[in-house]
Amino acid sequence: MSVRVRFAPSPTGYLHVGGARTALFNWLYARKLGGVFILRIEDTDRERSTDAHTQVILDGLAWLGLQWDEGPIFQGACGSRHRADAERLLAEGKAYRCFCTPADLEEQRKASAAGKAAFKYDGRCDRLPAGEVAARLAQGAPSAIRFRMPKGEIDWEDAVHGRISFQGHDLDDLVILRSDGTPIYNLAVVSDDIDMRITHVIRGDDHVSNTPKQIALYRALGHEPPVFAHVPMILGSDGKKLSKRHGATAVGDYRNQGILPLAMRNFLALLGWSPGGDREILPESEMIAAFSLGGIQKKPAVFDTAKLEWMNGQYLSQLSADELLAPTRRELERMGIALDHRDLRPVINAVKARSRTILHIAEQVAVRLDGMRTKRDERGQQLVAKMGPAYTTNLRSVVEALEAVPESDWTPDHLLGYLKAVAEAQSLKLGDVMQPVRVALTGSTVSEPVNELLAVVGRQQSLARLRSAS
RNA sequence: GGCGCUAUCGUCUAGGGGCCUAGGACACAGCCCUCUCAAGGCUGGAACACGGGUUCGAAUCCCGUUAGCGCUACCA
């Protein structure tokens, strides 16, 4: 039987990095086994689901290059099947009607909390005589359908964790169909996974405790459960589950910060999984070839932004200026800087070695071609002050010499010669003539070699800016 | 509280009884290169949570302790 896996996010928020990694593992597994990767949108929570969120998820997956083979299938469209499954369980005596209202249950919960024990539905409606049930239904009393949880042990061989077992008597008789006829998550998932002939359920560890309930449901519906693989959570630097207060948690946030999709995907793959050996930067083909569920870590992983940026830098350095051009332009557009008429490639080449993100590249381009001052370079003025009067004196000497340089000599090689000549003539160290130029042109003490910087900014612009600075 | 899961450098991990005086990567420190900063190269500090077993031999197997995390809805 061929492998069929699914990624099933609910469109109630953005595409979280944890979700993205779950999607990635599903995708890798499908690709590795020649299986089918299906996208299902779990939108049964009508209140919180929106089309906008769905679109963000679709965009995020596409950006990461995780192409799905089937779907997106919308769970909300399968309500009649969910209802039919619930009613079948009811008819077969595997479920029962529950007339407890949410208010009743709230009260039961409170009473139980006082006794320090965990609340567990006591099955009072399961003990209602058949006549009573019929009478209440006849009166039109609203009722939900509850699944009667089998009492024995429920266990499975988890592809990541190994054997996990629960005792049926620790589990609740869970509601599977609300009184308004809509399904509850655990039923919808099982019903859909059966319908879609899912063979492997690869999802987050937060679903481990749902698994025994779902296995019971599978059996009650007359189907063998699929293979389950529960992948560990992703934590913030403080060891708590990654959330908004840790800063960026959505895939889109990293996209906006100038992270490349392949770098993001590679980083995510290494969070909780290792190809074995010492490999880190993996092309898609190697990643797929090396992937296995057994190679997934059992413990949660901390999301380390520094390593993500390092990895992004690795990918960045492998790309040519031509390949970096489009993303850089997109970033500049987002920044509201119009440089459409300029050839950005020489500048990109000059700055990319010192950049870890596309955003940083775009900023450097803007500084050079648009005279933009970035926030991080605002301290340029302070640097000038720090250099004292020598800054102005030395800068003037350079400007004077550079003004005599013809356009035809305005190249990195020739400029280096001119700068060295200035240093020699003034008995200065090369750094003493270069650093003022660097600061004047970029507002920063950090940049590519000054002769390259001058070439990239261009003769006219360089001289104009240096003059006004000196 | 109950149930479940987990436990190797600060972080991501290699490791599946002897190859481990525990390897790699990020981060950090130093050196080289150098006009600055990156990149690159070299060097360094840094971990098997604790306690019992099993075994000739345990990071690796078993038990317990501790700690962390997850779940505990007519949410998903």
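As the structure is a computational prediction, the values presented were derived from the model and not from experiment. Protein chains get the first letters and strands the later ones, always in sequence-line order, with residue 1 at the start of each.
For A:N451, counting side-chain heavy atoms from C-beta on, the closest listed nucleotide (B:C26, B:A73, B:C35) is B:C35. Candidate nucleotides B:C26, B:G24, B:C35 were compared by shortest atom distance to the side chain of A:D304, and B:C26 ranks first. Of the candidate nucleotides B:C5, B:C74, B:A25, B:C5 has the atom nearest to the side chain of A:D205.
Residue A:Y185 is in base contact, counting any heavy-atom pair closer than 4.0 Å across all strands shown. Using a 4.0 Å heavy-atom distance criterion, A:G313 is classed as making no nucleic acid contact.
In this structure, A:R109 reaches the B:C74 phosphate: one of its side-chain N or O atoms is under 4.0 Å from OP1 or OP2. Contact check, A:S317 against B:A39: no side-chain N or O comes under 4.0 Å of OP1 or OP2.
In this model, no side-chain donor or acceptor of A:K298 finds a partner on the base of B:A7 within 3.5 Å. Scanning atom types as modelled, no donor and acceptor separated by under 3.5 angstrom connect the side chain of A:T445 and the base of B:C37. Side-chain to base pairing of A:R438 with B:C35: one donor and one acceptor N or O lie within less than 3.5 Å of each other.
The pair A:R81-A:D192 meets the salt-bridge criterion, with a side-chain N (NZ, NE, NH1 or NH2) lying under 4.0 Å from an Asp/Glu carboxylate O.
Across B:G70 and B:A76, the matching C1' atoms stand 15 Å from one another, rounded to whole Å. Rounded to whole Å, the separation between the C1' atoms of B:G18 and B:C37 comes to 48 Å.
Between A:H161 and A:H230, the ring planes are tilted. Angles from 30° to 60° get that label. Taking the six-membered ring where the residue is Trp, A:W156 and A:F228 present perpendicular rings, their angle passing 60° and hence far from 30°.
Residues A:S447 and A:V208 each lie close to RNA chain B; by heavy-atom proximity, the contact nearer the 5' end of the strand is made by A:V208.
Remark: side-chain polar atoms of A:T182 are not paired, donor with acceptor, to backbone N or O of A:R178 under 3.5 angstrom.
Across all strands shown, the partner of B:U6 is B:A67, judged by Watson-Crick or G-U wobble contacts whose two distances both fall under 3.5 Å.
One interatomic measurement links the two molecules: CG of A:D238 to P of B:G10, which rounds to 17 Å at whole-angstrom precision.
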